[in-house]
There are 2 protein chains.
Amino acid sequence: MKLSTKGRYAVMAMADLAYHCNGSPVTLAAVAERQEISLSYLEQLFGKLRRGGLVKSVRGPGGGYMLSRDASLLRVSDIILAVNEHIKTTRCADGGSSGCQTDKSRCLTHDLWRELSNQIFLYLSSVSLADICEGRVLGTSGLFFNGGRTERTTAAQ
Amino acid sequence: MKLSTKGRYAVMAMADLAYHCNGSPVTLAAVAERQEISLSYLEQLFGKLRRGGLVKSVRGPGGGYMLSRDASLLRVSDIILAVNEHIKTTRCADGGSSGCQTDKSRCLTHDLWRELSNQIFLYLSSVSLADICEGRVLGTSGLFFNGGRTERTTAAQ
DNA sequence: AGTATATCCGACTATTTCAGTCAAGTTTAT
DNA sequence: ATAAACTTGACTGAAATAGTCGGATATACT
């Protein structure tokens with residue numbers, strides 16, 4: 001799970017889409033202006049989002065992009081995975097335990113990284129676009145990942 | 001909190017140090033060979049680690065590096081912060097809520113990103129070098145996901 | 001003193017990714 | 001037909017990453 005501004009732009013744009021959606025498509029030009037992201041760059045990102053099945057496009061005049069499903073069903077992790085072609089976090093073959101047997105201390109950190117990556121993924125999976133739109137991201141002072149938050153919210157729209 | 005191979009190398013090297021330390025300094029050459037990281041690159045990283053107060057150096061023959069304190073007191077987050085000069089995650093001024101008031105939807109993702117960064121930091125703060133050396137990485141003692149989601153992965157026990 | 005061993009330091013290079021641009025297309029409502 | 005919008009691919013500058021290189025400095029041991 002890679003975290004960069006690319007993924008953040010994608011999430012920002014998707015949140016904008018969810019926020020300003022009222023049944024009709026939203027043009028990228030509008031998103032670009034509101035979020036202050038270059039239109040051409042957005043086109044690039046939305047190409048990936050569309051191919052990833054996260055948005056639907058409507059071509060021609062009056063067209064634009066729409067979420068492919070309800071905002072409560074679109075997780076942040078989906079968005080980031082769609083725009084960032086996945087990277088391998090560890091050098092030695094992933095779960096295969098193929099190499100890395102030579103020295104015991106060499107792969108000590110691999111468990112850590114895999115677990116961290118897992119943590120991040122779980123967190124981003126627990127947040128939906130609807131959560132973002134409704135500011136339901138912070139909170140839970142100190143205890144995070146209280147399960148089932150996304151499911152409970154059902155997109156008050 | 002930036003996550004790249006740079007930080008991972010640093011953690012690997014520090015874990016190696018903790019693992020092979022028996023009172024006397026460990027040379028970077030030994031670490032480089034065991035962890036298969038270039039010596040010159042390690043020197044670069046350990047310069048930062050030393051300036052960050054995480055390791056002590058002993059120059060001259062028989063010299064090398066030692067942990068500055070017990071492995072249980074060195075957190076992974078310390079290491080990563082030491083080698084990665086910190087970056088700002090959001091474009092608009094950080095906690096200041098200075099800009100970003102223009103459009104409501106624009107900063108919607110900022111809370112998310114700040115929270116995510118916080119999550120990552122908390123996780124990496126909860127893991128010490130000693131934890132890594134003893135394989136106590138998975139199943140982080142309930143600091144996360146205490147709701148029974150990733151329950152007791154039985155790594156150590 | 002001299003030397004081997006090690007850390008220290010700064011500049012340098014190559015590769016990749018990021019962020020954005022440009023120039024063409026295709027589809028479709030009017 | 002025309003214009004609005006998406007679609008695609010190639011291209012670019014800037015930055016970060018990952019790694020290299022050559023030397024300088026400190027110190028233990030002859």
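The figures here come from the full heavy-atom set of this structure, side chains too, leaving out hydrogens, waters and symmetry mates. It should be emphasised that the depicted structure is a prediction, and the values quoted were computed from it without experimental measurement. Proteins get letters first, then strands, A, B, ... in listed order; numbering begins at 1 in each.
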Under 4.0 Å from any atom of DNA chain D, heavy atoms only: list the residues of residues 38-47 of chain B that qualify, in numerical order.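 Those residues whose heavy atoms fall under 4.0 Å from DNA chain D, taken from residues 38-47 of chain B in numerical order, are B/S38, B/S40, B/Y41, B/Q44.
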Examine [N]: is either OP1 or OP2 under 4.0 Å from a nitrogen or oxygen in the side chain of [X]? Give yes or no.
| X | N | value |
| --- | --- | --- |
| B/R8 | D/dT17 | no |
| A/R59 | D/dT8 | no |
| A/Y65 | D/dA5 | no |
| B/S57 | C/dA6 | no |

Beyond-backbone contact of [X] with [Y], side-chain heavy atoms, under 4.5 angstrom:
| X | Y | value |
| --- | --- | --- |
| B/I37 | B/L45 | no |
| A/F46 | A/L49 | yes |
| A/L42 | A/Y65 | no |
| B/L54 | B/R69 | yes |
| A/L81 | A/F121 | yes |
| A/R34 | A/V31 | yes |

To the nearest Å, how far apart are [X] [atom1] and [N] [atom2]?
| X | N | atom1 | atom2 | value |
| --- | --- | --- | --- | --- |
| A/K6 | C/dG20 | NZ | P | 12 Å |
| A/L49 | D/dT7 | CG | P | 11 Å |
| A/R50 | C/dT26 | CZ | P | 15 Å |
| B/K48 | D/dA16 | NZ | C1' | 11 Å |
| A/L28 | D/dT8 | CG | P | 13 Å |
| B/I37 | D/dT17 | CD1 | P | 16 Å |

Between A/Y41 and A/Y9, what is the ring plane arrangement, given parallel below 30°, perpendicular above 60°, and tilted in between?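 If you compare the ring of A/Y41 with that of A/Y9, the planes turn out perpendicular.
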Both B/R51 and B/G62 contact DNA chain C. Taking the nearest nucleotide for each, which residue is further toward the 5' end?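 Comparing both residues, the 5'-ward one is B/G62.
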